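Keep in mind that this is a model prediction, so the values were computed, not measured. Both counts, for ligands and for their atoms, begin at 1 and track the order of listing. Throughout, residue positions are numbered sequentially from 1 according to the sequence presented.
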Amino acid sequence: MDHFLYRDGALFAEDVAISEIAAAVGTPFYVYSTATLLRHFKAFDDALDGMDHLVCYAMKANSNQAVLKTLAQAGAGMDVVSAGEYLRAKAAGVPGDKIVFSGVGKTVSEIRLALEGGIRQFNVESEPEMEVLDAVARSMGKVAPITIRVNPDVDAKTHAKIATGKSENKFGIPIARAREVYRMAAAMPGLEVVGIDVHIGSQLTDLTPFELAYQKVAELTEQLRADGHTIRRLDLGGGLGIPYERSNAAPPLPTDYGAMVQKTLGHLGCEIEIEPGRLIAGNAGLMVSEVIYVKSGEGRDFLIIDGAMNDLIRPAMYEAHHDIIPVVEAEAGAEQQPYDIVGPVCESGDTFAKQRMMPKLAAGDLVAFRSAGAYGAVMASEYNSRALIPEVLVHGDQFAVIRRRPTFDEMINRDTIPEWL
Ligand SMILES: *Cc1c(COP(=O)(O)O)cnc(C)c1O
């Protein structure tokens, strides 16, 4: 459930009418619901009740400072993948011992930054990274807590661009080599092995691949303990999917996921970390856009809207589906017609939906893209010199702009002219 519902035919975010926000900030814009963000965080937190655990929000899904602060105040840790994300987490008030650092390409300066500022653990993805981490930590007189990300070679059965747990993917160390790599890690004085990490992909709509991966992690835990390593923490990654299409069967809930984790790993007595991103932020956000033109083509009608692929790239990049609903609810039984819903960018890929059944719409009408809170604003660009669209956070009957739209002057003045021009 989210908090974007119609009231008397008008779409609301919690207790604020979407049309009121549109009038205040202009379209297009993103709007997030505090209640939904917190509800999703709590669902995961409760699902792991009874096990020592920390929910580390994967902030690459949505890293607006106000979103981070909302979750941090509820007790969330953070999973970061860059220096920028690390500094964002710190700026949102997350202490270093609640920040885990993931990613295949951590640089020396990123490692140094995290060791200086404090870190819960590095999730190490390769042997070269392990060697660098050891050297940097020793040079600073520190010991870096690590897990090693193992690649369990399971098929996540998700879109190829977001599957990460097959042996052909760039992520982690093949699980068959894990014992050898842990032995090497244990011999490095700059490292302290604290556990195992695994993350098999994103937008998984079935628990089976998770369960297969976690069974392999359970076996590995016992082997590594027998080898003399201290395995006290298991980072299980993120990846639980969300229902992008209301008409489809719903993916498993965090409670189902939590019960499966208890069943497969509970007996090991480890501290459990999970790194959900999409499930926390995805359905907590809408992108709202206005119809500029309705254009009749040959055999099809186009809804040309003021949002575009630079604002929300998921359909162009992953062939992703977003439910698109009118901000003024259609009358019950109102006639529907198919539209191709497109943005103004000069690429055919700037298409959000083809032949989508919608109530009849006209220029000036507002539409809302559901499930746009994750991998939406964070992936936006200024392609076609279109300004980054504002983000708005709703809390009950209040709303605030949490990132404003830059002015065109600001955009132009970010560039500098060399003196020879
Ligand atoms: C992307 C990512 C996540 C979050 O994935 P979601 O599908 O958004 O839950 C978690 N951990 C790692 C290492 C990731 O790369």
Practice item. Consider only side-chain N and O atoms of Ser289 and Asp306, and report whether a donor and an acceptor are under 3.5 Å apart. Key: yes
Check your understanding: Among side-chain atoms of Arg356 and His322, is any donor-acceptor pair under 3.5 angstrom?
Key -> no
Looking at [atom], what's its closest protein heavy atom, distance included?
atom: atom 14 (C) of ligand 1; result: Lys60 NZ, 2.8 Å
atom: atom 13 (C) of ligand 1; result: Glu275 OE1, 3.4 Å
atom: atom 7 (O) of ligand 1; result: Ser202 OG, 2.3 Å

Review point. Would His3 and Asp15 satisfy side-chain hydrogen bond (donor to acceptor under 3.5 Å, both in side chains), going step by step from the backbone distance to the final call?
Key: CA-CA 9 Å; His3 291 77; Asp15 299 326; over 6 Å; no
Under 4.0 Å from a heavy atom of [X]: which atoms of ligand 1 are those, numbered in the order shown and with their elements?
X: Pro276; result: 9 (O)
X: Asp79; result: 10 (C), 11 (N), 12 (C)
X: Ala58; result: 3 (C), 4 (C), 10 (C)

Check your understanding: Tyr30 vs Tyr32 aromatic rings, parallel, tilted or perpendicular, using cut-offs 30° and 60°?
Key -> parallel
Study note, to complete from the structure: Honestly, for Arg278 the part within reach of ligand 1 (heavy atoms, under 4.0 Å) is both
Does any part of the side chain of [Y], heavy atoms only, come nearer than 4.5 Å to the side chain of [X], both counted from C-beta?
X: Met188; Y: Arg138; answer: no
X: Val394; Y: Ile21; answer: yes
X: Phe29; Y: Val401; answer: no

Can you tell me if [X] contacts ligand 1 (heavy atom of the residue under 4.0 Å from the ligand)?
X: Tyr375; result: yes
X: Gly239; result: yes
X: Leu279; result: no

Review point. Any N/O of Leu240 closer than 3.5 Å to an N/O of ligand 1?
Key: no
Point to revise | Atom NE2 of His395: over 12 foreign heavy atoms under 6.0 Å | key: no
